[in-house]
Structure formats: structure tokens, C-alpha cells
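Input: a single structure, listed below in C-alpha cells.
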Protein chains: 2
Amino acid sequence: MTSPEPPTPAVFVLLVALSRVPRHGYGLGQEVQRMTDGRVRLGAGTLYRSLQRMRVAGWVEESGSDTDDERRRVYSLTPAGRSAARAETRRLADLVALATEAGLLEDAPTPREDEHTP
Amino acid sequence: MTSPEPPTPAVFVLLVALSRVPRHGYGLGQEVQRMTDGRVRLGAGTLYRSLQRMRVAGWVEESGSDTDDERRRVYSLTPAGRSAARAETRRLADLVALATEAGLLEDAPTPREDEHTP
DNA sequence: CCCAACTATATCCACCCCGGATACAGTACT
DNA sequence: AGTACTGTATCCGGGGTGGATATAGTTGGG
């Protein structure tokens, strides 16, 4: 929607889920669900396609598996990935600030004038 | 990505831009650009299609034009629209909180353990 | 008065993201 | 051995977005 392409919503939550500990794809899906109290669930297609894009973008890198399960592909966040996540966090925070300043958190039906909540 | 369908990014900024004063489509495009310091620019297609969807969803309603320019279609935010905007603001704020708690705002390259900034 | 630039809305197209289905295989537990 | 779950990958349909195009009214300067 703007310039230098922000991560997609799915990619962003994956970056957040990866921010502390390296994980494999399937585990990331679980972690995203856990840390959002089930509010965000990524479909399988979205999950693995997002990880491929993140790898191509240099935001994650594949590291050696953490168990003897050969199927797992474990990813860890790169500095570039952390940087992208921080930038997107700031972008979203700005958006939230904008909405808040617009009076979108008060309960008033239509606070069109300069009201002040006592 | 989750349940009861959140507004799209474009729709959300339009809801915010409409939160105080009724406006017409073209003016909303300008207002979005102004209030985001040029960081968000909506394409014409996105702008007018979004407004149509918002009208169908009952989030905005067409009110009488504010000038004698007959081309203008002026929209104002409905209570349902304000409610949707507030819900989305909260959802985004939760996401930002999640990212912040994950340590994505510090400058440390990779704060993997319990560091404390002096 | 006339023309150019801007305002204003609407639709079309190509591209990309998403959820869910499908496929295929290894792992774990009984 | 068999069943359920883990794990990755790809395909398909639906939908959002940007930019181009079409059409037309408005404005302001020469």
C-alpha cells in the first residue's frame, strides 16, 4: 500500500513468533495460535508460502534441525528480519496512534466536538 | 485471517479518516494522504471500491452534498462503522503489544536472553 | 471565451495474498 | 500393525490492491 513493501500480515506474525527462539514451520503455526490466544490461525498454504518468501527476502535462515526429526526445517530470524519486524511494528503503532487521536477508543456515539471526559 | 472479518487495511484508514467529519471519496483520498504524512496513498480503484463495500456493510451512509458540486458523493460514518473501526483499532493495538512484548522495539541485535538496558 | 489542469467517480486488468483441500511421508503411541 | 498426529509442499478459488482508462464537471489564467 506504500513504499518499501511492508511484510504481509501473515509474515509479520511469523516474524514476531520467531523473534526469540528458532522454530520449524509447523511449530510456528502452533506458536502463532498460542500467543494470540487462538485469534490468529494461519492456513497451511499461507504458512509455508510465507516462510519461503521470508527466506528469499533474507528475513529468516534455515538452521540445523533441533531434533532427530528429519522432516523439520528450522528457521531463525536474521538481523534483516528483526529490522523488518521492528519497522512494521512502528508502522502499525503509528496507525493505532492515528486512530486513537481520531477519538476511536471512547464510548461516545459521535464525539464530533471538543468533549472532555470527566 | 480470523473471525468476524476485520476491515481491509484500506477500509480501516478510510474509517479513521471519516471519524470526525463527513467527506466525499476524492477528499478522503487526500485526507488519508495528509494525516499519514504521505505514507499511505490509496489508488483510485481501491478508494471507490472500498467505499462501496463500506456502504453495503452499513459502515457509512451517503448524506447530502456539502457544496454545489453535483459530482460529489458525501459519506458519513454510521455507529456500526465507528464500532468496526474501534474493534480493528483494538485488534491492531493487541498485535503491536504482542510485538513489543517480544522485544521488537529495542536496539539490541538479538536479545535472546534476559538482558536489561541500563 | 477557451483551453488546460484539476476534481470526481467508476470500472477493468494484472498481480499478489489468503484459507482450505489435497498429496505424501515420517513419527508416536497403543 | 494400525491409527492419529506431525510436517512440508502445492493447487485452486476468492478477494484486495494499484494503476490505467473512461467520462465528465469545475476552476482559473491567457
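Just so it is clear, the structure is predicted and the values come from calculations on it, not from any experiment.
Look at CD on B:Glu31: it is 14 Å from P on C:dA8, rounded to the nearest Å. Atom CD of B:Glu62 is separated from atom C1' of C:dA8 by 13 Å (rounded to the nearest Å). One can place CG of A:Leu42 at 8 Å from P of C:dC18, the figure rounded to the nearest angstrom. Atom CG in B:Leu14 sits about 14 Å away from atom C1' in C:dT9, given to the nearest Å. In this entry the distance linking CE of B:Met54 with P of C:dA10 reads 14 Å, nearest Å. As rounded to whole Å, 12 Å separates atom C1' of D:dA9 from atom CG of A:Leu51. The CD-C1' distance, from A:Glu5 to C:dC17, rounds to 13 Å in whole Å. Remark: P of D:dA20 and CZ of B:Arg41 are 12 Å apart, rounded to the nearest angstrom.
At least one side-chain nitrogen or oxygen of A:Arg73 sits closer than 4.0 Å to the OP1 or OP2 atom of D:dA9. Contact check, B:Tyr48 against C:dT9: a side-chain N or O comes under 4.0 Å of OP1 or OP2. In this model, the phosphate group of C:dT9 is not approached by any side-chain N or O of B:Gln52 to a distance below 4.0 Å at OP1 or OP2.
Heavy atoms of A:Gly45 sit under 4.0 angstrom from at least one base atom.
Counting only distance, with no hydrogens or angles, the side chain of B:Ser50 and the backbone of B:Ala10 share no donor-acceptor pair below 3.5 Å. Under a 3.5 Å cut-off, the side chain of B:Arg82 and the backbone N or O of B:Ser19 do form a donor-acceptor pair. With A:Ser76 contributing its side chain and A:Pro22 its backbone, the two residues share no donor-acceptor pair below 3.5 Å. Judged by distance alone, with hydrogens and angles left aside, the side-chain atoms of B:Arg23 form no donor-acceptor pair with the main-chain N or O of B:Val74 at under 3.5 Å.
The side chain of A:Tyr26 lies closest to D:dT6, out of C:dA10, D:dT6, C:dG19.
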N/O contacts under 3.5 Å, protein versus nucleotides 14-16 of chain D?
none

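Taken to the nearest 0.5 Å, the CG atom of B:Leu104 stands 8.0 Å off from the CG atom of A:Leu15. A distance of 11.5 Å separates CG of A:Leu98 from CG of B:Leu92, quoted to the nearest 0.5 Å. Atoms OG1 and CE, from B:Thr78 and B:Met54 in turn, are 9.0 Å apart once rounded to the nearest 0.5 Å.
The two residues B:Phe12 and B:Pro7 make their nearest non-hydrogen contact at N-CB, 4.3 Å. Residues A:Val40 and A:Thr36 come closest through the heavy atom pair N-OG1, 3.1 Å.
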- Can you give one letter per nucleotide of nucleotides 22-30 of chain C, going 5' to 3': B for a protein heavy atom under 4.0 Å from the base, S for sugar-phosphate only, - for none? ---BBS---
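Residue whose closest nucleotide on DNA chain C sits further toward the 5' end, between A:Leu47 and B:Leu47: B:Leu47. Nearer to the 5' terminus of DNA chain C, by closest-nucleotide assignment, is the contact made by B:His24 (compared with the other of B:His24 and A:Ser50).
Contacts classified as salt bridge (charged side-chain N to carboxylate O under 4.0 Å, His left out) and involving residues 50-61 of chain B (residues at least two apart or in different chains) are not found.
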